[in-house]
Amino acid sequence: MSGFYDSYDVAVVGGGHAGIEASVICARMGLKTILITQTIDTIGQLSCNPSIGGIAKGNIVREIDALGGQMAKIIDQSMIQFRLLNKSRGPAVQAPRAQADKQKYAEVARKIVEKQENLDIYQDTVVDILTEEINNSQYLFSGKLRQKITEIITERGRKIPVKAAILTTGTFLGGKIFIGDFDAPNGRLGENGAYGLTENLVRLGFTVGRLKTGTPPRVLKSSIDFSKLEIQDGDDEIKPFSYDTKKIDRPMVPCHLVYTNEKTHELIRNNIGRSPLYSGKISGIGPRYCPSIEDKVMRFASRDRHQLFIEPEGLYTDEMYISGFASSLPEEVQDKYLRTMTGFENAVVTRPAYAVEYDYVDPTQLFPSLETKLVQGLFNAGQINGTSGYEEAAGQGLIAGINASLQIKAQANGTKYEPLILGRDEAYIGVLIDDLVTLGTKEPYRMFTARAEHRLKLRYDTADERLTEKAWKIGLKSDEQFKRVQNKIAQKKEIVELLIQHAKKHTGKEPENPGYDAEIWEAGLIEYKYTYYIEKQDRRVEKLRRMENARIPEDFDYSTIPSISTETRQKLEKIRPLTLGQARRISGIRNSDIMLLMVYLK
C-alpha cells in the first residue's frame with residue numbers, strides 16, 4: 001500500500017482471481033496501481049468449488065507461477081488435500097489438484113495484495129469508462145475509430161484518471177441469481193451485482209451477451225453419515241504448485257464420493273418446470289462441461305446415477321461442498337432430492353444451490369494481448385471474456401496485467417510496445433487466449449488438454465522450462481530463479497543423452513540414477529520416453545510456425561484482395577487477426593482464402 005493518489009497508471013476492476021494477478025503484477029512492474037472492488041472482505045473468494053487445479057487447470061497454475069504470478073503460492077499455503085490426477089496415464093495428461101481451505105486461501109490472497117508496494121485497494125463499484133479519440137488514428141473496428149482510455153468513474157461519483165484499466169468483473173457484471181421462483185440482483189448469494197458498466201461498454205461500441213453458471217448446496221458435515229460413503233484420500237506425496245515452495249506442511253483431510261439414484265432423478269423430473277433453466281427465466285447459456293443436476297438428469301435420461309464429490313470447505317468450518325450438484329430448483333425441492341441419497345437422509349442445508357446469470361463481452365473484440373480493439377489501454381480478463389474457472393481467470397489476469405504494464409512503459413520510454421503473447425505450443429494460457437480472441441465463445445469456456453494440439457510439450461512439470469525466461473526478461477523472475485531453470489534444462493539433457501547411450505548397449509534395462517536429484521532424474525526419464533514423440537510434434541510445430549508468425553498489419557485493408565469470399569472478408573475484418581496462424585484458426589475460414597492472403601502479404 002502506498003496511499004491514495006489522484007491518478008493511477010492502472011486501475012484493476014474486481015478483486016477475484018484475475019484481479020489479484022493483474023493488480024499485483026502491475027505493481028511489481030513498477031506501476032502505480034489501484035484495485036477497485038465492491039467488497040474488500042471478499043478478495044480472493046473461492047465463489048464455487050473449494051479447489052485449485054485439475055486436468056489442464058493444474059498446468060495453468062504452474063504456468064502462472066513460472067511467469068511470476070501468485071495463485072500457486074496461495075494454494076500451497078492453504079491446501080487441505082493434494083492429488084495428482086491421471087497417475088495411471090501418461091505425464092501429458094497428468095495434473096495436480098488441491099482442495100483449499102476457503103477462508104485461508106482468501107486470507108493469504110488478501111495479505112499478498114495489501115502488502116504489495118505500488119498497489120492501493122479501494123472499495124467502490126466502477127460504472128463508467130471515459131475515452132478520447134487517438135490523434136491521427138486511422139484504425140477502424142466495427143466502423144469506429146479507436147479511442148484511448150482517460151478516466152474511470154465509480155458509483156459514488158469519483159473520477160480516477162488512468163493510463164490503463166483491466167476489467168475483471170467475474171459474475172458480478174449485471175449479475176442475477178435464481179433459486180426456483182426467487183431471483184435477486186446478486187453476483188453471489190447475498191452480494192450485490194455490479195450495474196451501470198455494461199450499458200457504458202455498449203455505448204462505447206462493445207457487443208455484450210449473457211452467460212450462466214451455478215453452484216451446489218452446502219451441507220453441515222455433522223448431518224452426513226460418512227460411514228455409508230466411499231472415502232477419497234489425498235496422495236501421500238504432496239508436490240507443491242509453486243516452484244519456489246520447498247515443502248507443504250499442512251493438515252490434510254479426506255473427501256468422499258456419493259451417487260444420485262432413481263428417486264433423486266424422479267423428484268427432479270417431477271419438478272423440472274420449476275427450474276428457471278427450463279421455465280425460460282434464464283436466457284444465458286450455461287457451461288457444457290459442468291451442467292446443473294437437472295440438466296444431467298434431463299439430458300442423460302438413460303443414466304440411473306451420477307457421481308458426486310463431497311469436499312470440505314475448510315478446516316475452520318463444518319460446511320461441505322457437493323461437487324456436481326449445482327441446481328436452480330426451489331429450496332424445498334433441493335432439500336427433498338438431497339435426502340434421497342445414501343448417507344444424506346438427515347442432511348441439513350446451510351446454503352442452497354443457485355444459478356447466476358451475468359454479462360460478458362464478446363472476446364473476439366480483443367487482441368491476443370487481451371487489450372480491447374475499440375479502446376487503447378482497456379483490457380479484459382476472466383469471466384468477462386466468457387471463461388469459467390479460477391485458473392483460466394487468473395491466467396488471463398496475469399497476461400492482461402503484464403501487457404498493460406509493458407504498454408505504459410513503452411509509451412513512457414518512447415519505445416515500441418511489444419506485448420507478451422504466448423504461443424499455443426508454449427502454454428495452456430496461450431491456447432486459452434488464442435481460442436477466445438480468435439473463435440469467441442457462446443458458452444462458458446473451460447480448458448481441457450484436448451484443446452491443446454501441442455499438449456506433449458505443455459506438461460505440468462515443464463512450465464518453468466517453457467516460461468521462466470520470458471518472465472526473467474521483463475523483470476518478473478530473478479537471476480537466481482532463471483539460473484535454476486537453466487541448470488534443470490541442462491541436467492535433463494545430460495540424463496536424456498545418458499539414457500540414449502545406455503539403450504544402445506543395454507536393451508530393455510533402465511540404468512540406476514548415477515547421482516542426480518531424484519526429481520531431476522524422474523524428469524529426465526519422462527523426457528527420454530517422450531523424445532521421439534516430442535521431436536515428431538516439434539517438426540509439425542515448426543512447419544506451422546512459419547505460417548503462424550507471418551504478421552498481418554492491424555489496419556490491413558481486406559477489401560484490396562478481391563478474390564476472397566465475402567464471408568471470409570467479413571470474419572477477418574471482425575476478428576482482425578495479427579498473424580496468418582490466427583487467421584487460419586477462425587471458424588469457417590477457407591484454406592484457399594488463407595493462401596490468397598499469404599500470397600498478397602508476401
Side-chain angles (χ1 to χ4, degrees), residues 56 60 63 139-142 206-209 211 285 288 360-374 378-389 392-393 395-396 399-400 403 419-455 458 540-541 543-556 558 561 564-598 601:
I60 290 175
E63 290 172 357
Y139 180 85
L140 280 173
F141 177 71
S142 298
F206 290 101
T207 300
V208 175
L211 292 177
I285 300 171
R288 180 186 309 183
Y360 83 109
V361 177
D362 181 352
T364 61
Q365 299 168 103
L366 301 171
F367 292 117
S369 63
L370 296 182
E371 183 183 23
T372 63
K373 296 171 181 175
L374 277 171
L378 179 61
F379 294 75
N380 292 348
Q383 284 173 292
I384 192 173
N385 290 339
T387 60
S388 68
E392 289 91 338
Q396 292 172 72
I399 296 301
N403 286 328
L420 175 66
I421 297 174
L422 303 178
R424 296 179 69 90
D425 61 323
E426 292 179 313
Y428 274 100
I429 297 173
V431 175
L432 163 68
I433 293 174
D434 185 62
D435 280 353
L436 290 173
V437 305
T438 305
L439 304 175
T441 187
K442 300 297 183 184
E443 62 187 45
Y445 178 105
R446 181 180 178 182
M447 179 52 69
F448 293 101
T449 54
R451 295 191 189 274
E453 60 270 41
H454 309 297
R455 58 183 174 271
L458 306 184
R540 186 170 68 246
V541 169
K543 189 175 180 181
L544 289 172
R545 194 192 298 275
R546 288 194 288 271
M547 177 188 287
E548 185 75 26
N549 293 335
R551 302 286 296 179
I552 303 174
E554 289 181 17
D555 58 352
F556 187 83
Y558 293 100
I561 313 177
I564 64 172
S565 68
T566 301
E567 181 185 8
T568 292
R569 182 180 293 110
Q570 289 173 344
K571 289 186 175 182
L572 290 170
E573 288 174 345
K574 179 185 177 184
I575 303 296
R576 287 277 165 187
L578 296 182
T579 66
L580 275 172
Q582 186 186 358
R584 182 176 57 84
R585 290 189 295 279
I586 297 173
S587 178
I589 293 285
R590 300 176 186 176
N591 285 332
S592 57
D593 287 338
I594 293 298
M595 295 302 293
L596 283 170
L597 177 58
M598 183 166 61
L601 287 171

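Because the structure is predicted, anything quoted here is derived from the model rather than measured. In what follows, residues are counted from 1 in the order of the sequence shown. Excluded from the calculations below are hydrogen atoms, water molecules and symmetry mates; all remaining heavy atoms, backbone and side chain alike, are included.
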A.B. asks: Working to the nearest 0.5 angstrom, can you tell me the gap between N380 CG and L370 CG?
C.D. replies: 8.0 Å
A.B. asks: Could you go through the side-chain contact (heavy atoms from CB on, under 4.5 Å) check for L578 and F367 one step at a time?
C.D. replies: CA-CA 8 Å; L578 296 182; F367 292 117; 4.2 Å; yes
A.B. asks: Can you name the closest pair of heavy atoms from T568 and S565 and give their distance?
C.D. replies: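 Taking every non-hydrogen atom into account, OG1-OG, 2.9 Å.
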A.B. asks: Treating E63 as the side-chain partner and I60 as the backbone partner, does any N or O pair qualify as donor plus acceptor under 3.5 Å?
C.D. replies: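 No, the answer is negative, given that no donor and acceptor are paired below the 3.5 Å cut-off.
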A.B. asks: When you compare the side chain of V437 with that of Q582, does any pair of heavy atoms fall below 4.5 Å?
C.D. replies: yes
A.B. asks: Mind listing the closest non-hydrogen atom pair of I433 and P368 along with its distance?
C.D. replies: CG2-O, 3.4 Å
A.B. asks: Both conditions, 6.0 Å and 45 degrees, for the charged tip of R451 above the ring of Y445: are they met here?
C.D. replies: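 Here R451 passes the 6.0 Å and 45° test against Y445.
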A.B. asks: In sequence, state the C-alpha distance, the side-chain angles, and the governing distance for T372 and F379, and then conclude on side-chain contact (heavy atoms from CB on, under 4.5 Å).
C.D. replies: CA-CA 6 Å; T372 63; F379 294 75; over 6 Å; no
A.B. asks: Between atom CD1 of I564 and atom CG of L572, what is the distance when rounded to the nearest 0.5 Å?
C.D. replies: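 I564 atom CD1 to L572 atom CG measures 5.5 Å (nearest 0.5 Å).
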A.B. asks: Can you list the steps and then say if Q570 with K574 is a side-chain contact (heavy atoms from CB on, under 4.5 Å)?
C.D. replies: CA-CA 6 Å; Q570 289 173 344; K574 179 185 177 184; over 6 Å; no
A.B. asks: Within the 4.5 Å heavy-atom criterion, are T364 and T438 side-chain neighbours or not?
C.D. replies: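 Side chain of T364 against side chain of T438, heavy atoms only: no contact under 4.5 Å found.
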A.B. asks: Does the T207 side chain pair with the main chain of D362, one donor and one acceptor, at a distance under 3.5 Å?
C.D. replies: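 No.
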A.B. asks: Rounded at 0.5 Å granularity, tell me how far CZ in R576 sits from CD in Q365.
C.D. replies: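 Nearest 0.5 Å value for the CZ-CD distance: 14.0 Å.
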A.B. asks: State whether the side chain of T441 and the backbone N or O of P444 hold a donor-acceptor pair below 3.5 Å, judged by distance alone.
C.D. replies: no
A.B. asks: Within this structure, what is the OH-NZ distance for the pair Y558 and K571, rounded to the nearest 0.5 Å?
C.D. replies: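 Result: 14.0 Å between the selected atoms.
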A.B. asks: Looking at residues at least two apart in the chain, or sitting in another chain, which of them share a salt bridge (charged side-chain N to carboxylate O under 4.0 Å, His left out) with R585?
C.D. replies: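 Result, salt bridge (charged side-chain N to carboxylate O under 4.0 Å, His left out) vs R585: D434, E548.
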A.B. asks: So how far is it from M447 CE to I429 CD1, rounded to the nearest 0.5 Å?
C.D. replies: 9.0 Å
A.B. asks: What are the two closest heavy atoms between A452 and Y428, and how far apart are they?
C.D. replies: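 Taking every non-hydrogen atom into account, CB-CE2, 3.6 Å.
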A.B. asks: Please report the shortest heavy-atom distance between N385 and Q396, naming the atom on each side.
C.D. replies: ND2-OE1, 2.9 Å
A.B. asks: Begin from the C-alpha positions of I552 and L601 and carry the test side-chain contact (heavy atoms from CB on, under 4.5 Å) through to its verdict.
C.D. replies: CA-CA 8 Å; I552 303 174; L601 287 171; 3.7 Å; yes
A.B. asks: Do I399 and L422 touch side chain to side chain, with heavy atoms closer than 4.5 Å?
C.D. replies: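 Of all side-chain heavy-atom pairs linking L422 with I399, at least one is under 4.5 Å.
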A.B. asks: Once rounded to the nearest 0.5 Å, what's the spacing between atom CG of D425 and atom CZ of R455?
C.D. replies: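 D425 CG to R455 CZ: 14.5 Å, rounded to 0.5 Å.
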A.B. asks: Which heavy atom of T387 sits nearest a heavy atom of G382, and at what distance?
C.D. replies: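 Shortest heavy-atom separation between T387 and G382 comes out as OG1-O, 3.1 Å.
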A.B. asks: Between D435 and R424, is there a side-chain N and carboxylate O pair less than 4.0 Å apart?
C.D. replies: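 Here D435 pairs with R424 in a salt bridge, since their nearest N and O are under 4.0 Å apart.
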A.B. asks: Shortest non-hydrogen contact from A400 to A381?
C.D. replies: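 Nearest pair, atom of A400 first, then A381: CB-CB, 4.2 Å.
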A.B. asks: How would you list, by chain and number, every residue that makes a side-chain hydrogen bond (donor to acceptor under 3.5 Å, both in side chains) with Y360, sequence neighbours excluded?
C.D. replies: none
